[in-house]
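Read the structure below first, then the notes.
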Amino acid sequence: MVVEKSRIRQFFKSLSNQKTLMLMSLPFLVWVIVFKYLPLWGWLIAFQRYRLGKGLFDQTWVGLENFRMLFQDHHFYRVLRNTLVMSSLNLVLGFVTAITLALLLNELRRVYFKRTVQTISYLPHFVSWVVAANIVQETLAPEGIINNLLLKLNIIERPILWLGVGEYFWGILAVAEVWKNVGWNTIIYLAAITTIDPTQYEAAQIDGASRFRRMWHITLPGIRPVIVLLLIMNLGHILESGFEPQYLLGNSMNIEYSENLDIFVLKYGIQLNNYGLATAAGIFKTVVSFIFIISANHIAKRLGQSRLY
Amino acid sequence: MSRTRSSVASSFGDKVFDFCNYIFMIFLIVVTLYPFINMLALSLNDANDSIRGGIYLWPRVWTLRNYEYVFSETNVYFATFISAARTIIGTLVSVFCTAMLAYAVSRPEYKLRKFVSIVFIFTMYFSGGLIPEYLLIKNLDLLNTFWVYIVPGIIGVFNMIVIRSFIDGLPEGILESARIDGAGDFTVFIRIVLPLIVPALATVSLFVAVYQWNSWFDVFLYNSSRADLSTLQYELVKILASTNTSHLSPADQYADAMGGRTRTVTPTSIRATMTIVASLPIIMVYPFLQRYFVKGLVIGGVKG
């Protein structure tokens, strides 16, 4: 007991010697509590019929009513389907294209050319989705370059309204995502490739293995741990299909396919003032994501990898 | 014998492979750059001439009229100023605060380092969600203010991890010798740590600056009733929305809204010009910071 007490005293004594460090960090602790933890109180809204202008505790409590409504809503399941399809497409295409590009970049022998391609390939990642969405719209416009090209090649007879047909939306979005992020996503694989022991390539070359076989049997297995790790971590974000591209490229003609969970929340919450239902949908998303991310972390650890986040 | 033959064969295969690879890379460059070059050409071409079509890589009738027109609009003029202000102020504030926090939690002797780190890192796993965050901003009276662009983003946890792992890599001797000379933690941070972690600061600054410059959702959500707090990106969202509603006929709403008095501009030329204005600053900066962000991404991705 006495030992305990003196320990606590010791703790506070050394803490009082660290006033500067406390001044340098505790204001931000207040910030994080206000901006990141305090909104969690807002989750109570999901159990209320929330009206603006009244305090959080003066609202009508409705129990699980909002959740019941949410899970009975056809609209919600369509939105969930769109979210899952779009994020799965992103995940698969994002991985395949980034790994392929990294492997091909690694085979370029002229350093200057390789650097140039890399720098250019990062460009779309840095521009906003607003700019990218404008580019997509311009490219796919009736008089845009895609329609012109297809018309010239006689593949189509009249211009296609690409963004006006719901069925095309997932494909357009997937291609746009690849265009925007493929270069950026190669960075981590290229960094992993540099850690591969070069003597392996020399040995393979002496054995007469072709470039393609060297890529397949040395480079690809060499970066497998990184691929597995990133794949697991990305599975944790399966409910994050993005918000901006769907919102910016979505319109009344493709809404059946473009609307995802985040847009659903925005629509019900801010536009229709149904705060309870929107918050319930938000909670659903956060809780499922939380479970996915924690399990992803756990699996990654079990596989003996370091955690990503 | 057979060995020589196979190596000859493979070297021929290698050449084919190399050739295809170069072709593919050139295709990639074209696909990436073409839309930007096309937008640039359209923005520098006479608006009425552009209607004829056929503008691809180079303007046919050169003019700066589109730029003059766009910047003569008061909302675009203000929006440029606000975009620049939020990028500069937001980046300076966030990078300084994040670095300071990273320094504090990197000190092994700091008794609260574990606690503070965990409280921050845990926030990477959840978010309050749109509605509660909106109501928080409302209750804090940050709606319709400039500060709503700065305050919610003061600390970036990912950035904190990047800076912290950089500080951890500094030789302990340097910090120790400064402390023996009687320098306090704040002095050590400002005078010694900050100059040594410039590469990490460059990385993080790029991330924050790009985020700030490209943001439009916070403008839409919190400040859409204040035209004087709009940003370039949000102005571009408005143009996009006006073209989105009617796909068949090119929407004239924005061009009309911008003053349909004399049609020296068209929706296409305004859109191209705004796209260039909204992306040019970033395009000009990021190639020079490539070294830094590649390193920062790898550090931040693997540690933490």
Side-chain angles (χ1 to χ4, degrees), chain A residues 11 14-15 18 20-22 24-25 28-29 31-32 35-36 38-40 42-43 45 104 107-108 117 119-124 126-128 130-131 133-135 137 139 143 161 163-164 187-188 191 208 210-212 248 251 265-266 269-270 275 278-279 282-283 286 290 293 306-309, chain B residues 6-7 10 13-14 17 21 24-25 28-29 32-33 35 53 97 100-101 104-105 107 110-111 116 119-120 123-133 135-136 152 154-155 184-186 210 214 216 233 236-237 240 243-244 247 271 275 278-279 282-283 286-287 290 294 297-298 301-302 304:
Chain A
F11 177 82
S14 50
L15 200 58
Q18 298 174 333
T20 322
L21 285 173
M22 284 166 70
M24 289 168 81
S25 58
F28 304 119
L29 197 70
W31 174 89
V32 79
F35 280 92
K36 301 287 175 184
L38 207 59
L40 295 183
W43 281 17
I45 294 169
L104 292 177
E107 295 297 320
L108 291 177
V117 178
T119 306
I120 291 172
S121 73
Y122 301 151
L123 168 63
F126 284 102
V127 302
S128 65
V130 188
V131 167
N134 264 299
I135 284 172
Q137 215 186 53
T139 310
E143 66 281 10
L161 270 182
L163 286 168
I187 291 179
I188 206 129
S210 69
R211 295 282 287 285
F212 189 73
L248 294 169
N251 57 44
V265 172
L266 180 72
I270 306 294
Y275 293 94
T279 309
I283 291 176
T286 304
F290 185 78
I293 295 169
S306 57
R307 285 170 307 145
L308 256 196
Y309 296 119
Chain B
S6 89
S7 97
S10 76
D14 282 2
F17 177 88
N21 202 5
F24 174 76
M25 291 302 163
L28 182 80
I29 292 175
T32 308
L33 288 186
C97 293
M100 194 152 79
L101 178 67
V105 296
R107 302 315 311 140
Y110 183 33
K111 292 287 175 192
V116 175
V119 169
F120 273 93
T123 61
M124 293 177 104
Y125 293 105
F126 66 89
S127 80
L130 182 76
I131 307 300
E133 275 168 20
L135 294 173
L136 175 79
I154 286 181
I155 302 288
D185 272 304
F186 192 71
V210 167
N214 282 345
W216 58 271
Q233 304 290 339
L236 197 55
V237 170
L240 186 74
T243 7
N244 226 347
H247 275 279
R271 190 227 284 253
T275 304
S279 51
I282 286 178
I283 294 176
Y286 89 90
Q290 188 167 338
V294 168
L297 194 71
V298 174
V302 179

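Every chain is numbered from 1, with letters handed out A, B, ... down the list of sequences. The structure presented is a predicted model; accordingly, all values stated were derived computationally and were not measured.
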Requested in this report: Measure the shortest side-chain to side-chain distance between Arg107(B) and Gln18(A) over non-hydrogen atoms and say whether it is less than 4.5 angstrom.
Outcome: no
Checking Val237(B), Asn214(B), Thr275(B) against Ser128(A) for side-chain contact (heavy atoms from CB on, under 4.5 Å), the one that qualifies is Asn214(B)
Taking the side chain as C-beta and beyond, is there a heavy-atom pair between Pro132(B) and Leu40(A) under 4.5 Å? no
Bottom line for Leu38(A): the part with an atom under 4.5 Å from chain B's heavy atoms is side chain
Rounded to the nearest 0.5 angstrom, the CG-CG distance for Leu33(B) and Leu123(A) is 6.5 Å
Comparing Thr119(A), Leu29(A), Thr20(A) against chain B, the one with the most heavy-atom pairs below 4.5 Å turns out to be Thr119(A)
CG (Leu104(A)) and CG (Leu28(B)) are apart, to the nearest 0.5 Å, by 10.0 Å
CZ of Phe35(A) to CG of Leu136(B), rounded to nearest 0.5 Å, is 6.0 Å
If one checks every heavy atom of Ile154(B) against chain A at 4.5 Å, the contacting part turns out to be both
Chain B shares the most heavy-atom pairs under 4.5 Å, among Leu108(A), Asn134(A), Ile283(A), with Asn134(A)
Please check this pair: side chain of Glu107(A) against backbone of Asn21(B), looking for a donor-acceptor N/O pair closer than 3.5 Å. no
Most heavy-atom pairs under 4.5 Å with chain B, out of Val127(A), Val117(A), Ile293(A), belong to Val127(A)
The interface call for Ile45(A) against chain B, heavy-atom contacts under 4.5 Å, is side chain
Honestly, the part of Tyr286(B) sitting under 4.5 Å from a heavy atom of chain A is side chain
Rounded to the nearest 0.5 Å, the CG atom of Leu130(B) sits from the OH atom of Tyr275(A) at a distance of 10.0 Å
Bottom line for Ile155(B): the part with an atom under 4.5 Å from chain A's heavy atoms is both
Of Val131(A), Thr139(A), Thr279(A), the largest count of non-hydrogen pairs under 4.5 angstrom with chain B goes to Val131(A)
Bottom line for Gln233(B): the part with an atom under 4.5 Å from chain A's heavy atoms is both
Does atom CZ (Phe24(B)) have a neighbourhood of more than 12 heavy atoms from anything else shown, all under 6.0 Å? yes
Rounded to the nearest 0.5 angstrom, the NZ-CE distance for Lys111(B) and Met22(A) is 13.0 Å
Counting heavy-atom pairs under 4.5 angstrom with chain A, the leader among Ala104(B), Gly184(B), Ala278(B), Gly129(B) is Ala104(B)
Relative to each other, are the rings of Tyr125(B) and Phe290(A) parallel, tilted or perpendicular (30° and 60° limits)?
perpendicular
Heaviest contributor of heavy-atom pairs below 4.5 Å to chain A, chosen from Val119(B), Val210(B), Val116(B), is Val119(B)
Bottom line for Tyr110(B): the part with an atom under 4.5 Å from chain A's heavy atoms is both
So, the part of Ile135(A) with a heavy atom under 4.5 Å from chain B: the answer is both
If one checks every heavy atom of Leu101(B) against chain A at 4.5 Å, the contacting part turns out to be both
Of Trp43(A), Tyr122(A), Phe11(A), the largest count of non-hydrogen pairs under 4.5 angstrom with chain B goes to Tyr122(A)
Val105(B) side chain near Phe28(A) side chain, heavy-atom distance below 4.5 Å: no
Closest heavy-atom pair, Ala133(A) versus Leu240(B), reported as atoms and distance to 0.1 Å, is CB-CD2, 3.8 Å
Cut-off 4.5 Å, heavy atoms of chain B, and the answer for Leu266(A) is both
Closest non-hydrogen atoms of Phe126(B) and Lys36(A), given as atom of the first, atom of the second and distance, are CE1-O, 3.6 Å
